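The structure appears right after this line, and notes come after that.
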Protein chains: 2
Amino acid sequence: MTDSSKREQLIETALKLFSKHGFHAVGIDTILAKSGVAKKTLYNHFKSKDELILAVLRYYDERFRNFFMRAVESKTGKAKERLLAVFDVAEEWFESDDFYGCLFVGAIGEYPELGTPVRHTCMEFKGLIQKYIAKLAREAKAKQPDQLAEQLVLLLEGAITMAQINSSPVSAAQARQAAKVLVENSIER
Amino acid sequence: MTDSSKREQLIETALKLFSKHGFHAVGIDTILAKSGVAKKTLYNHFKSKDELILAVLRYYDERFRNFFMRAVESKTGKAKERLLAVFDVAEEWFESDDFYGCLFVGAIGEYPELGTPVRHTCMEFKGLIQKYIAKLAREAKAKQPDQLAEQLVLLLEGAITMAQINSSPVSAAQARQAAKVLVENSIER
DNA sequence: ATCTAGGTAGACAAACCTGTATATTTTTTG
DNA sequence: CAAAAAATATACAGGTTTGTCTACCTAGAT
């Protein structure tokens, strides 16, 4: 086993459990039982549960953005179409078995104190997603790419929330429709 | 004191605390201390913490929708302008001291099990907000009022999430801008 | 004046949760 | 192969949480 094998095992198990049940609802013992790792090993890798949570968020930040950008770019090569492909990828995500809403939104809901590392990680994640969409908007020659990106992020974020609440992926298609209007409106013809 | 005075006192105190810190993070004892009510009184009115949470959500459901509709309607009498006033009201909400994101989204994040009364209350709330916006869209003679309402709800929901994450109300204005495009696009001229 | 319904105060049980410590075994590495 | 590093299993301390129970108090209705 590699050096950090146990560490990754813990992070991945914790990610699944936190995603599905929330942070407070999942105890250390549950994570240990499901991952088959000893308590001492966990506390050897992480100083506390909070540190584990933070590691999970940072891991997921990387992992999700990577997945997301790859997925969008594999849909189409045309810049303008990529802006809409964002919502096709979202739809597939919503339909997947391991969709339980946005982990970062959940984290902020359970740890709302300002200025904490958890909050910072969540803000950073959303900022980077927005930056990516702004890049796509710029490539699609949108008149005001940053403004368009802000608006598309709102649609995406709203679609995530509604998909979670209604346990239904239809919000993705609704967001896509709205996005199409905004994109057409923002690109020179 | 009226019959249900203590009950309302508990609900209002719990609402404030749950909104600010989350549900798991706030213990019964904290609610009792802040409300100045005895433990037995709480368990006389509510069978369990879960029942108190449910009562808080149902209370807030009523209260918030009432506030929201009144606020929108006090902004303007013109149907089309009311659709955009939704986002002006949202902006004021985001700027207020007691804004900590959507309580229902928080509740679903902490109690995600399907088929529970908590989930049901959250879905109902979002459904009624959407229904209200659809009514405004119909009054504004939108071509496809239900579809427009779905899209505006996504913008609103996204704006709430982003306002919470970034501790900033700017998302309201961004959503308003996008909404204007969608509304113009959906109303006969 | 007294009965009653509901409130107060606080002790307490039982469960649970995080984090530590110990003793033993496995794995890695020089 | 042998020493060192890491993992296991598990017990346990200390704190917190929910919910119950007892004993006492207060205010309004009869």
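Treat the numbers as computed from the prediction; the structure is a model and nothing was measured. All chains are named by letter (A, B, ...) in the order of the sequence lines, taking the proteins before the strands, and each is independently numbered beginning at 1.
Of the possible polar contacts, one joining the A:Q9 side chain to the A:S35 backbone as a donor-acceptor pair under 3.5 Å is found. In terms of modelled atom types and a separation under 3.5 Å, the side chain of B:E157 and the main chain of A:T161 share no donor-acceptor contact. Here the side chain of B:R119 pairs no donor or acceptor atom with the backbone of B:I108 at under 3.5 angstrom.
An OP1 or OP2 oxygen of D:dA7 is reached within less than 4.0 angstrom by no side-chain nitrogen or oxygen of A:K40. For A:H45 and D:dA7, the shortest distance from a side-chain N or O to OP1 or OP2 is below 4.0 Å. Of the side-chain N and O atoms in A:T41, one or more sit less than 4.0 angstrom from OP1 or OP2 of D:dT8.
Counting to the nearest Å, the C1' atom of D:dT20 and the NZ atom of B:K49 are 18 Å from each other. Taking atom CD1 of residue A:I53 and atom P of nucleotide C:dG19, one finds them 9 Å apart after rounding to whole Å. The distance between atom CD1 of B:I28 and atom C1' of C:dC16, rounded to the nearest whole Å, is 16 Å. For the pair A:D29 CG and D:dA11 C1', the computed distance is 12 Å after rounding to whole Å. Summarising the geometry, the separation between CD on B:E51 and P on D:dG19 is reported as 10 Å, rounded to the nearest angstrom. Residue B:L32 contributes atom CG, which lies 12 Å from atom C1' of D:dT17 at whole-angstrom precision. Summarising the geometry, the separation between OH on B:Y43 and P on C:dT8 is reported as 15 Å, rounded to the nearest angstrom. Rounded to an integer number of Å, the gap from CG of A:D50 to C1' of C:dG19 is 12 Å.
Heavy atoms from other residues, nucleotides or ligands lying under 6.0 Å from CZ of B:R138 number more than 12.
One donor-acceptor pair, N or O on each side, does fall under 3.5 Å between the base of D:dG19 and the side chain of B:K39. Taking 3.5 Å as the limit, the base of C:dG6 and the side chain of B:K6 contain no donor-acceptor pair of atoms between them.
When heavy atoms are screened at a 4.0 angstrom cut-off, A:N44 is found touching the sugar-phosphate backbone but no base atom.
Within the 4.5 Å cutoff, the side chain of A:L32 has no heavy atoms near those of the A:K40 side chain.
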